[in-house]
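Please read these numbers as outputs of a predicted model, since none were measured by experiment.
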Amino acid sequence: VQPSEFILKKVGEQQQIKVLAHFNDNTVEDVTEKTIFESKDQPIAKVSVDGLTTAKRWGSTAVIARFLGVVSASFLTIPRMGEINPALHMPEGNIIDKYVSKKLKKLNIIPSRLCNDNTFIRRVFLDTVGMLPSTNQVESFITNNSLDKRSHLINQLLESPEFEHNRTLQVSDMLRVHPRQLGNGSFGERAATIFHEWIRKHINRPYNQFVKDLITAKGSTYQVGPANFYRIEGSPDGRAETIAQVFLGIRLSCARCHKHPFDRWTTDDYWNFAAFTGKVGSRNGELYQEQIIYYNPTGRVVNQSVEGNRGRVTDPKFLGGDKIDSNFQIDHLQLLADWITSPTNPYFARATVNRIWSYYFGWGIIDPVDDMRETPPSAVEGLLEALAEQFIKDEFDTKSIIHLILNSRTYQLSAEPNETNNLDDRFFSRFYPRAIPAQVLLDVVNDVTETKEKFGRYPQGTRAVSTPLPYSSRFLDLFGRSET
């Protein structure tokens with residue numbers, strides 16, 4: 001697609017997009033007239049059937065081009081009209097601020113001011129430990145004149161047990177840890193509790209090791225917490241979809257029967273990737289509803305698509321990579337775990353930092369966080385790659401990325417807009433209001449009202465954030481707790 005990116009300097013300005021098709025016989029053809037075009041954001045830019053793009057208001061978006069099942073994009077920026085004082089641009093506090101500032105300058109908008117101490121301490125407490133600061137904590141923080149008091153507070157909160165509980169809730173929701181998924185009645189509750197406790201105890205491990213332990217898990221679902229990862233989804237294709245979506249930010253489901261209409265993945269990509277999880281074996285244990293997860297080297301998956309190699313036994317193949325030797329002496333699940341968590345994997349680090357970012361800003365740098373195709377525009381160009389590189393450099397330490405985010409000026413901006421950024425809903429020029437997790441909100445309400453609510457079988461005083469099992473609560477149902 002030409003141009004791959006461009007700037008329209010004012011509303012009404014136009015740019016013709018050209019699409020060239022490169023065929024296997026090395027011929028190149030202009031297929032612009034045969035291409036289907038789509039604007040990702042109609043309020044920002046519109047595109048005609050022949051690829052003529054017109055600016056409608058300031059912002060940044062992409063024009064999607066589709067031809068013969070291939071999808072690509074051209075990215076455009078439309079700066080805001082008007083003069084601004086350069087002195088009001090964001091100071092570049094850390095690597096996050098560097099990229100956000102560059103984007104805002106490109107858009108010609110000014111970030112909101114830094115939030116005050118009252119707002120900051122409330123925000124960072126809710127986001128890290130899932131509770132409000134006490135009156136004494138607020139007063140002590142506000143009267144503290146130290147220049148590094150915010151950074152010091154962040155360090156304290158990230159080392160607290162309450163932070164571990166809050167992160168465990170996030171990861172448990174991501175992995176869909178729920179008794180209903182793991183068995184009937186008390187048997188499902190036992191498996192869910194074991195899985196939840198394993199997550200909590202390992203939440204601060206390097207994330208690549210955490211994921212490796214999940215993918216290579218073996219043993220009893222009543223004794224080995226991560227073995228329950230493979231009980232939540234019982235089929236090879238379902239397990240492959242989960243691994244791709246959760247750890248790589250790729251939604252493969254659309255490629256199950258036909259080529260993915262909005263991404264590069266074919267049905268062969270889908271079923272070849274599912275061949276890895278076809279090696280996951282399970283059998284009944286000695287206890288009721290107990291499952292034993294084991295590696296089955298002879299496990300096979302048959303391509304069930306409506307096109308491609310339908311009906312054939314598939315060979316394991318990494319997404320976007322080569323097929324793996326079907327030698328039965330090779331542990332294909334270990335190979336899969338090593339490939340996913342490798343520093344050279346093009347998806348893993350990016351998907352992880354993008355999801356972590358979403359917990360603190362309401363959505364990802366690319367959104368949705370579990371559908372990171374090549375075509376959605378990044379809200380801030382280069383930021384995701386820089387964070388992924390830092391994540392790898394820090395040996396996959398999630399806490400170091402969270403620390404970087406919380407210490408950025410971008411995170412500490414006020415939610416109050418100014419005249420230049422009142423239409424901004426994605427470029428992080430101000431802090432955006434967002435929903436509080438239902439369990440956090442319930443704990444906060446109980447704290448403020450000095451209520452000692454009892455949650456199911458748990459002792460009175462247990463916080464909703466830290467409970468591994470669901471319980472009857474109309475409040476949580478109304479405010480959106482995870483049920484899957």
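With 3.5 Å as the limit, one finds no donor-acceptor pair spanning the side chains of T266 and D268. For the residue pair Q209 / D213, no side-chain donor-acceptor distance below 3.5 Å is found, with atom types taken as modelled. One side chain, D97 or T410, offers a donor N or O that lies under 3.5 Å from an acceptor on the other. Neither side chain, N94 nor N407, offers a donor N or O lying under 3.5 Å from an acceptor on the other. The closest side-chain donor-acceptor pair between Y411 and D127 falls under 3.5 angstrom. No side-chain N or O of N345 forms a donor-acceptor pair with one of S342 less than 3.5 Å apart. In this structure, a donor-acceptor pair under 3.5 Å is present between the side chains of N421 and S429. With no hydrogens or angles considered, a side-chain donor-acceptor pair links Y432 and D424 at under 3.5 Å. There is a side-chain donor-acceptor pair under 3.5 Å between Q412 and R150. Side-chain polar atoms of N155 and H403 form a donor-acceptor pair below 3.5 angstrom. In summary, the side chains of T54 and Q14 do present a donor paired with an acceptor at a separation below 3.5 Å, with no hydrogens or angles considered.
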Evaluate salt bridge (Lys or Arg N to Asp or Glu O under 4.0 Å) for E381 paired with K102, printing each intermediate quantity in order.
-> CA-CA 9 Å; E381 295 89 344; K102 182 178 178 181; over 6 Å; no
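Evaluated for a side-chain contact (heavy atoms from CB on, under 4.5 Å) with R350, the options I365, I366, L248 yield exactly one hit, I366.
Residues F318 and F276 bring their aromatic ring centres within 6.0 Å.
The aromatic rings of H332 and Y295 lie parallel to each other, with less than 30° between the two planes, well short of the 60° mark. Taking the six-membered ring where tryptophan is involved, the planes of F428 and W363 are tilted, since the angle between them lies from 30° to 60°. Under the 30°/60° scheme for interplanar angles, the aromatic rings of Y207 and F348 are found to lie parallel.
Relative to the six-membered ring of F431, R123 meets both conditions, a distance below 6.0 Å and an angle of at most 45° to the axis.
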